[in-house]
Amino acid sequence: MEQAVLGIFQWFWGLFGLWNPLWALIQPVWPLVWVLMKIVAIILPLMLCVAYLTFWERKIIGWMQVRIGPNRVGPWGLLQPIADGMKLFFKEVLVPTGANRALFFVGPVMAIAPALAAWAVVPFFEGGALADIDAGLFYVLAMTSMGIYGVIIAGWASNSKYPFLGAMRASAQMVSYEIAMGLALVTVLMISNSLNFSDIVRAQGRGWFADHGAGFLSWNWLPLLPMFVVYFISGVAETNRAPFDVVEGESEIVAGHMVEFSGMAFAMFFLAEYANMILVATLTSILFLGGWLSPVDFLPDGFHWLAAKISFFLFLFLWFRATFPRYRYDQIMRLGWKVFVPLTLVWIAVVGTWMVSPFNIFK
Amino acid sequence: MEFKTALFYILSAILVLAALRVVTARNPVHAVLFLVLAFFNASGLWLLLQAEFLAIALIVVYVGAVMVLFLFVVMMLDINLERLRQGFWNNLWLGGPIALLMVAEMIAVLSARSFGPEAMPAPAAAAGSNTKALGVAIYTDYVYPFELASVILLVALIAAVALNLRKRKDTKQLDPARQIAVKRKDRVRIVSMPSEKE
């Protein structure tokens, strides 16, 4: 792909006869430029997806509640997210009087930076990752666990009651569900025998069913069905989405850690939340639903399958929000610690026993 | 200068500065956040040594979990710095010698004689996955020390729970099983009576 992109540049600048001096300038830093271009190629579509995910969310929840949803800006309301973005961009950023000024602005940055950094190791198709590192799964866990600092710092630095309540709820909830999430992933890496995302996907393409044309039965969701459910629900809790949205809790603490933020500072939290939703949907697709693999033999593998799976999980996020009432705080803690953690621990033992028994199917 | 060397100096400089700010910052929350920054840079240094598993484990365990709870506690504290300062001269006679002793120990450990490049040559970078090499080492050569360490952690965990487990009489505890089992007739009683006039 690198050669193809270089070729296009060469052709374009060659039209003006500028290619040779330009290349002499760029060649020493070309590897850096190439990585930056790949980063832009991931971030830009991601931001566009975030924008239209908010639109899709409002539309779908609208339909589920027998409303129409946004339909005024542009054809079918399609320009609504652009209008929202422009509005947030031009709004004044207010800082409360007693706020800790420096940390007040560090908060949103700490929220969005890990949400974007985690995408560095996600493979979109065979060989299509920015950095295909060995410990990719572990890296994503580390990055997503950083996201909580944005919420806590913002909540504390605002010097206000509701944000601080939101921050306290966030730190307890996210740390609790991270444990269930990590333990659920342990089973995945046990049967894949790797921490590398591409290897995990390739491992799902092998098995009796895959040999007989029905690849989707060889994916991890079937042998690890309880972990699949635990992982996705923990993912919903990690991103603070309904029904686990006590951190924001519109009806109780207005918007939690985001109360005092306006304009782009608020937009950063919003972007981070939706980028995290897409990340959880992507990871669930890669780890349990075979990533870019095709469900059946006669259709080719490719990015379109991953996109379809991600869309399905994102739809589930929105469906949950329209369907379930908010969990009470003690119920959230009970589900995390007394249901998910013991369940995952037992399933690790089950999978371990299965793998050393003669019925081992993960080879 | 090679790129890695430059990176090493940048990471180390930030690490040392952040560690210095941990002890000099006036605001305890700032101190904790500088400690997080120090951990992050230490993890970067480990990445330069190609120890990616240890580097990421440092972030997952310390930055992602331990420091979050630490920050949580520090934010709830009402720390009066003036009161803390008062104890400085009173405790100096004990703190000073201990600090000197620790500096002497650090010098002894880090001096070239015992832990220099000659005494401890750098281990060869693991071929292939670093994580796998570490796992194999832990579960074969060092399985007993590893199990011992985990048992010690388990004891500490149970001790922490046991020390903090006090039954409070006045809490209104909810039993979800009983909540779910509630029927309408437990809560509402419908009586039939003739309508009344004022």
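Order of the sequence lines sets the chain letters (A, B, ...), proteins ahead of strands, with each chain counted from 1.
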Pick one of side chain, backbone, both or neither for [X], based on which atoms fall under 4.5 Å of a heavy atom in chain A.
X: B:Ile56; answer: both
X: B:Ala57; answer: both
X: B:Leu58; answer: neither
X: B:Phe53; answer: both

Test side-chain contact (heavy atoms from CB on, under 4.5 Å) applied to A:Ala172 - qualifying residues, sequence neighbours left out =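 Here the qualifying residues are A:Tyr329, A:Met333.
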
Where along residues 136-151 of chain A does a heavy atom come under 4.5 Å of chain B, listed by residue number?
->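 When heavy atoms of chain B are the reference, residues 136-151 of chain A contributes A:Phe138, A:Tyr139, A:Leu141, A:Ala142, A:Met143, A:Ser145, A:Met146, A:Ile148, A:Tyr149 within the under-4.5 Å range.
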
So which of A:Asn196, A:Asp330, A:Asn193 has the largest heavy-atom pair count under 4.5 angstrom toward chain B?
->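 The option with the most such pairs is A:Asn193.
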
What part of A:Leu195 is in contact with chain B, defined as an atom under 4.5 angstrom from a non-hydrogen atom: side chain, backbone, both or neither?
-> side chain

A:Ile179 versus chain B, heavy atoms under 4.5 Å apart: side chain, backbone, both or neither?
->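 Neither part; nothing is under 4.5 Å.
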
In terms of heavy-atom contacts, does OH of B:Tyr62 have more than 12 from other residues, nucleotides or ligands at under 6.0 Å?
-> no

Just wondering, are more than 12 heavy atoms of other shown residues or ligands nearer than 6.0 Å to OH in A:Tyr162?
->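 Not buried by this count: 12 neighbours or fewer within 6.0 Å.
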
Between A:Glu178 and B:Gly64, what is the shortest heavy-atom contact and its length?
->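 Scanning both residues completely, I find the closest heavy atoms to be OE1-O, 3.8 Å.
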
Do B:His30 and A:Asn100 touch side chain to side chain, with heavy atoms closer than 4.5 Å?
-> yes

B:Val29/A:Trp156 under side chain to side chain contact (heavy atoms under 4.5 Å, CB included): CA gap, chis, key distance, verdict = CA-CA 9 Å; B:Val29 173; A:Trp156 183 79; 3.5 Å; yes

Atom CD1 of A:Ile133 and atom CG of B:Leu47: how far apart are they, to the nearest 0.5 Å?
-> 8.0 Å

